[in-house]
Every structure is written in C-alpha cells, then in structure tokens.
Amino acid sequence: MSEHAHSSGARVYVLTLVALLILTGITVGASYINFGSASANIIIAIVIATVKVSLVALFFMHLRHDNPLNAIIFISSLIFLGIFLAFPLIDIQSRDKIIPNGLRVREQVAAPKQAAPAPAAPAHH
Amino acid sequence: MSSESYGHAAEHAFRQHHFVNSEQQFDTSKLGMWLFLATEILMFGGLFVGFGLMQANYPEAWVAGHHHLDRIMGSINTVFLLCSSFTMVMAVHASSTNQKSKTVLNLLATLAFAGGFMVIKYFEYSHKFHEGILPGRYFSYAGGGPPEQAMFFGFYFAMTGIHGVHVLIGMILIAWLTIRAQRGEFSSAYYTPVDLIGLYWHLVDLIWIYLFPLLYLVS
C-alpha cells in the first residue's frame, strides 16, 4: 500500500469517528425533545442509530471496498432479523381487533373453568 | 514463524497448504468471521425482538424503567466504544502496513477505552443492585412504579450483561493481540487475527449503538 493510500485511509477513519460522535450528540439531544409521540421519538432514535451502524459497517468494517459476499451475509442476517421483528409486532398491534384485551386474554381465560371459547385455544399449547 | 521477512517467504510461512494463496486464505477466514457475526446478530436479535414487543405492550413501564438509567453515563460509554472502534481500526491499518509500535499503541488504547466502558458499567450495575433493582425474581425495588418495570430491567440486565460479556471477551482477545503484535508477529503478509478480532469488536460496538437509544433514551 502506498504512503498516500495509507494516510487517506487514516483520514477516512477520523472523519467516520467525527461523524459518529456528532450523531451521538444529535441522538442524545433529540431524546430531550418531544416529537409528538413516544413512537416518533423511538423511530428518530432508531434511524440515527441505523445511520451510525451503516458508517461503522461501511468504513470501520471495510464493507465498502470488501468482497460483496461479506456484505451479503451481514445484510441477510439483518433482513431475517427484520422478519423476526415484524411478524410478532404485527401480531401484537392487531390482536386487540381480533381478541379484545390482547395478550391478557390468557390470564382471564385460565381462571374460570368454563368451556373455553375459540380464542382460548392458543393458551393450551 | 519468522516475522522479520515479508513478501514471498513470509507468504509461504503463514499459508496453509489447502489454500491457493494467502489472499484466498485471508478471505476465507474473513468470510467465516462474518458468518459468526451473523449468528451473533441473530442471538442479540432475539433479545431485541422480545424487548420491542414488551415495549409495545407496556409502554408506561418502559418509560418508568428508563428513568432509572443515567443518560450521561450511557453517553460516555457510547463515546468510549466509538473511540475504541476507531483505535481498533487504526490498529488493523497499522498492522497491515508493518507499523509495529503504532499497532501496539492503538491496541492498548482500545483496551483502555474498553476498560473505561466496563468501569462505568460496574458503577451503573452496583448503583442499581443497591436500590434492589436486580433481574427476574430478585427484583425488590421499593420505590413504586408499574410492576412491569421489573421486566424492563430483566431485559436491561440480559442485554447489557451479554453485551458486557462480549466486551470482556473482546478485551481478552485484544490483550492477546497486543502481546503478539509486541512480538512482531503481524505484518502486511499476515495480520488476519487483528482484522478478524477488529470485526468482532466493531460488532460489539454496533450492538451498543442500538442498545444505547433503546434503553437509555426512551421517553
């Protein structure tokens, strides 16, 4: 590696660190501001965290100039994590519409020994 | 293993016979490391999914639980880990360009930042234990609040605990790298251990980048 490439590599790392520290400041600052709802604040925090993670993965972990196979492994693990997160969240968010009282149905059904109505079926797993 | 000579002789010294050349050997090791990191992401992923679901279910308990966490300490720890990632990548860079003393110095700096992270974590944990904030059935906090905040702390201790174990393992590995680097075992012909442990260290940093806002900054 030439001396020039070497010094520019170090410069990229310094710039990445500076960007990461600034983004940390922004995310801490944003946590003191109310963006309308709790989920709005969480979404903003997660978006900033994702930008930071991308910077680390691209520059510190060298994915930008690396064999694309490594990036494919990384991104596919994130996609599967997304599927893992999405379906239970959809379940929780929509359950109230199907079963009133959502997750708490299990405790209520378990107490009285009645002929279980249809929604109680999952409790017997 | 001779560390003084680089180039062709060194290439033969480090290359195992089933690889075509040392570049292929390096790429193969790296691919294996990335596969390991994918399993790490999925392992922490289970905790993140559980955390997210319970947050959706008991938002008020999550807000109450987060008020026990110190934003300043969390921010300092974030800065420590980001700086340690930076010194780690500088160590990888130095080892791949035959700069022995720079490699050692950057590895030592990484160790120092990681140690700072663990010291702050220790103060946070002991403060919580003192208040009766412990995981699972040992939760005995008497200061009130929604009962489900015990669950928030169950996640808090599981996630930061497993993450902390990763930091400790990383510190042991980096100490080992430092000794090897001091002996002059790494060069542009062979720096695979520095590169792979660097990847591991950055992943530990990545997980903290998500843990920090989710645990400390919910409100």
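The shown structure was predicted, so the numbers you read here are calculated from the model rather than taken from an experiment. Reminder, nothing fancy here: chain letters follow the sequence lines and each chain counts from 1.
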B/Tyr216 versus chain A, heavy atoms under 4.5 Å apart: side chain, backbone, both or neither? neither
Between B/Ser85 and chain A, which part of the residue has a heavy atom less than 4.5 Å away: side chain, backbone, both or neither? both
Chain B: which of A/Asn34, A/Leu89, A/Leu23, A/Leu78 shares the most heavy-atom pairs with it under 4.5 Å? A/Leu89
Of A/Asn67, A/Asn70, A/Ile73, A/Leu85, the largest count of non-hydrogen pairs under 4.5 angstrom with chain B goes to A/Asn70
Indicate yes or no: at least one non-hydrogen side-chain atom of [X] is less than 4.5 angstrom from one of [Y].
{"X": "A/Met61", "Y": "B/Val89", "value": "no"}
{"X": "A/Phe60", "Y": "B/Met88", "value": "no"}
{"X": "A/Val14", "Y": "B/Phe86", "value": "yes"}

Closest contact, heavy atoms only, [X] versus [Y]:
{"X": "B/His93", "Y": "A/Ala10", "result": "CE1-N, 4.4 Å"}
{"X": "A/Ser31", "Y": "B/Leu217", "result": "OG-CD2, 3.5 Å"}
{"X": "B/Phe212", "Y": "A/Thr27", "result": "CE2-CG2, 4.3 Å"}

Quick one: what part of [X] sits under 4.5 Å from any heavy atom of chain B, side chain, backbone, both or neither?
{"X": "A/Ile75", "value": "neither"}
{"X": "A/Thr50", "value": "both"}
{"X": "A/Ile48", "value": "neither"}

Most contact-rich option vs chain A, by heavy-atom pairs under 4.5 angstrom, among B/Leu53, B/Leu199, B/Asp27, is B/Leu53
Apply side-chain hydrogen bond (donor to acceptor under 3.5 Å, both in side chains) to A/Thr16 and list each qualifying residue two or more places apart in sequence or on a separate chain. none
Distance check, rounded to the nearest 0.5 Å: [X] atom [atom1] versus [Y] atom [atom2]?
{"X": "B/Lys30", "Y": "A/Leu69", "atom1": "NZ", "atom2": "CG", "answer": "12.0 Å"}
{"X": "B/Thr87", "Y": "A/Leu17", "atom1": "OG1", "atom2": "CG", "answer": "9.0 Å"}
{"X": "B/Ser75", "Y": "A/Leu21", "atom1": "OG", "atom2": "CG", "answer": "11.5 Å"}
{"X": "A/Thr24", "Y": "B/Leu82", "atom1": "OG1", "atom2": "CG", "answer": "4.5 Å"}

Sort by residue number and list every residue of [range] having at least one heavy atom under 4.5 Å from chain A.
{"range": "residues 155-166 of chain B", "answer": "none"}
{"range": "residues 105-121 of chain B", "answer": "none"}
{"range": "residues 31-46 of chain B", "answer": "B/Leu31, B/Trp34, B/Leu35, B/Leu37, B/Ala38, B/Ile41, B/Leu42, B/Gly45, B/Gly46"}

Crowded around A/Phe35 CZ? As in, over 12 foreign heavy atoms under 6.0 Å? yes
Applying side chain to side chain contact (heavy atoms under 4.5 Å, CB included) to B/Val92 and A/His62, what does each step give before you reach the verdict? CA-CA 11 Å; B/Val92 172; A/His62 302 124; 4.3 Å; yes
